[in-house]
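Working notes, structure below.
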Amino acid sequence: MTLEELMNAPAPASAWVLERDCQETGLDPQDIRAEMLRRIGEMRASIQRGLQSDAKSITGMVGWNAKGLWEATDALQSPLLRRVQAYAMAVNEENARMGRIVAAPTAGSAGTIPGALIGVADHLGLPDERLVAPMILAAGVGKAISKRMFISGAAGGCQAEIGSSAAMAAAAIVELLGGTPRAAVHAASLALMNTIGLVCDPVGGYVEVPCVSRNAFFAVHAVSAAQLALAQLESFIPPDEVLGAMASVGRMMPAALRETAEGGLAQTPTGLAVTARMEGKDEGDLPGGMIELPLA
């Protein structure tokens, strides 16, 4: 499956994805729909737990962000923005507490799809049953991406994880709101092309900083991509070419910027101090550190 094939599929795109999947796996369509609804329920449960808890993660770096945002005054008077961000962080903080989440497509990017898709649905008062078809389409987009490039930060940087999840979420939102297959794929492409080059630099190697807040940002990113596509704006570069470009950048990305905690935020003084504390070492025992350029 390619993004071009998906873009030119008959509407609704999710039905085409479901038909193809049933042909490949031999599964019954109703069983697939039932399983997808169950996973949506798991996503919602992780959101609810995350919004209610301020328990710290094992490292102590995160755990209170989702609840704090959810209960804070909405200074911008933007309930959709706050909802999407809080939902996304709730899922990833549950992950950081070793709670039950749905990897979508990875644990590190697990908050983006529920944050964006369930957040939009709740904002509009839509039931979970309406999310089944969009989730099937999201799975199809993820499958198409995985055929061309990486979906793990270790292989291709965070562009591969959060970029893929944002693309999947953007396409799903377009489907939810009645958009065409072409609009859904271009939403995915817009989300991907504006994620190219993003490094994976988790502090201490833990999926917490910057991962929790990054899911909040890219859930909003997905909503933005969907809104552009629903207004018939399209990616200038064809979607499959965008995938190829992202894969190429991933191959060029040095190992230090691919989930090794050897670059970026992980190598800041604070990042190194947290790593030392978690490993029971003195801060001076760890190699590395940021290379800082002199100010002009």
Side-chain angles (χ1 to χ4, degrees), residues 34-72 81-123 127-128 131-132 134-135 138-139 142 151-154 158 160-166 168-169 172 200-223 259 261 265-266 271 274-275 277-279:
E35 175 60 21
M36 198 61 79
L37 184 60
R38 187 187 70 80
R39 295 188 185 188
I40 292 167
E42 293 285 2
M43 288 179 170
R44 182 172 291 284
S46 65
I47 290 170
Q48 291 171 345
R49 292 194 305 271
L51 293 179
Q52 294 168 3
S53 176
D54 56 8
K56 294 181 179 180
S57 63
I58 294 174
T59 68
M61 289 190 287
V62 298
W64 56 90
N65 297 283
K67 183 180 181 184
L69 176 60
W70 190 240
E71 295 179 351
L81 178 66
R82 182 173 67 162
R83 183 182 298 274
V84 166
Q85 289 180 317
Y87 279 19
M89 287 194 295
V91 174
N92 279 87
E93 288 190 318
E94 274 297 286
N95 179 57
R97 297 186 196 99
M98 303 300 170
R100 186 179 178 91
I101 54 97
V102 178
T106 65
S109 62
T112 303
I113 291 176
L117 181 60
I118 298 179
V120 167
D122 284 0
H123 178 71
D128 285 354
L131 303 182
V132 172
M135 282 286 288
I151 59 169
S152 75
C158 202
E161 290 202 27
I162 205 76
S164 297
S165 63
M168 294 162 68
C200 187
D201 54 349
V203 171
Y206 298 95
V207 187
E208 298 185 21
V209 175
C211 315
V212 169
S213 62
R214 187 166 286 172
N215 275 264
F217 277 95
F218 279 87
V220 175
H221 182 77
V223 174
E259 208 172 355
L265 294 174
V274 170
T275 302
R277 175 171 56 82
M278 292 304 298
E279 295 181 355

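Computation of the quantities below employed the complete heavy-atom set of this structure, encompassing side-chain atoms and omitting hydrogens, waters and symmetry-equivalent molecules. Model, not experiment: these values are computed from the prediction.
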Could you walk me through whether Arg214 and Asp201 pass the salt bridge (charged side-chain N to carboxylate O under 4.0 Å, His left out) test, one step at a time? CA-CA 11 Å; Arg214 187 166 286 172; Asp201 54 349; 3.7 Å; yes
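- There is a side-chain donor-acceptor pair under 3.5 Å between Glu208 and Thr59.
- Rounding to the nearest 0.5 Å places CE of Met36 at 11.0 Å from CG of Leu131.
- Residues passing the side-chain contact (heavy atoms from CB on, under 4.5 Å) test with Arg82, sequence neighbours excluded: Leu69, Asp74.
- Considering every non-hydrogen atom in both Val91 and Pro114, the closest pair reads CG2-CG, 3.9 Å.
- Annotation: side-chain contact (heavy atoms from CB on, under 4.5 Å) contacts of Val220 (sequence neighbours excluded): Leu81, Val84, Gln85, Ser224.
- Contact detail for Ile40 and Ile118: the closest heavy-atom pair is O-CD1, 4.2 Å.
- Taking CE of Met61 as the reference point, atom CD of Glu93 lies at 11.5 Å (rounded to 0.5 Å).
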As a quick check of understanding, evaluate side chain to side chain contact (heavy atoms under 4.5 Å, CB included) for Arg100 and Glu94, giving each step before the final call. CA-CA 7 Å; Arg100 186 179 178 91; Glu94 274 297 286; over 6 Å; no
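- Using modelled atom types, no side-chain atom of Ser53 and backbone atom of Arg49 make a donor-acceptor pair closer than 3.5 Å.
- Once rounded to the nearest 0.5 Å, the distance linking CE of Met135 with CD of Glu35 reads 10.0 Å.
- Between the CG atom in Asn215 and the CD1 atom in Ile162 there is a gap of 4.0 Å [rounded to 0.5 Å].
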For Leu51 and Tyr87, what are the C-alpha separation, side-chain angles and deciding distance, and is it a side chain to side chain contact (heavy atoms under 4.5 Å, CB included)? CA-CA 7 Å; Leu51 293 179; Tyr87 279 19; 3.8 Å; yes
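- Judged by distance alone, the side chain of Asp54 and the main-chain N or O of Gly63 form no donor-acceptor pair under 3.5 Å.
- Remark: Ser165 engages Thr112 in a side chain to side chain donor-acceptor pair (under 3.5 Å) (not counting sequence neighbours).
- At least one side-chain heavy atom of Leu117 sits under 4.5 Å from a side-chain heavy atom of Pro134.
- Taking every heavy atom of both residues into account, Glu161 and Pro105 meet most closely at O-CD, 4.3 Å.
- Counting all heavy atoms, side chain and backbone alike, Pro202 lies closest to Cys211 at CB-SG, 4.2 Å.
- In the displayed structure, Ile58 atom CD1 is contacted under 6.0 Å by at most 12 heavy atoms of other residues, nucleotides or ligands.
- Evaluation of the salt bridge (charged side-chain N to carboxylate O under 4.0 Å, His left out) test over residues 103-122, restricted to residues two or more places apart or in two chains, returns Arg44-Asp122.
- Contact between Ala88 and Ala219 at its shortest, heavy atoms only, is CB-CB, 4.0 Å.
- When the side-chain contact (heavy atoms from CB on, under 4.5 Å) test is applied to Ala266, the partners found at least two apart in sequence or on another chain are Ala261.
- The CD1 atom of Ile151 lies 8.0 Å from the OG atom of Ser109; values are rounded to the nearest 0.5 Å.
- Taking OG of Ser57 as the reference point, atom CH2 of Trp64 lies at 7.0 Å (rounded to 0.5 Å).
- For the residue pair Ala166 and His221, the shortest heavy atom distance occurs at CB-CD2, 3.9 Å.
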Check against side chain to side chain contact (heavy atoms under 4.5 Å, CB included), Trp70 and Arg83: CA-CA 7 Å; Trp70 190 240; Arg83 183 182 298 274; 3.7 Å; yes
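- Evaluation of the side-chain contact (heavy atoms from CB on, under 4.5 Å) rule for Asn95 yields Ile101, Ala107, Val207 as partners, not counting sequence neighbours.
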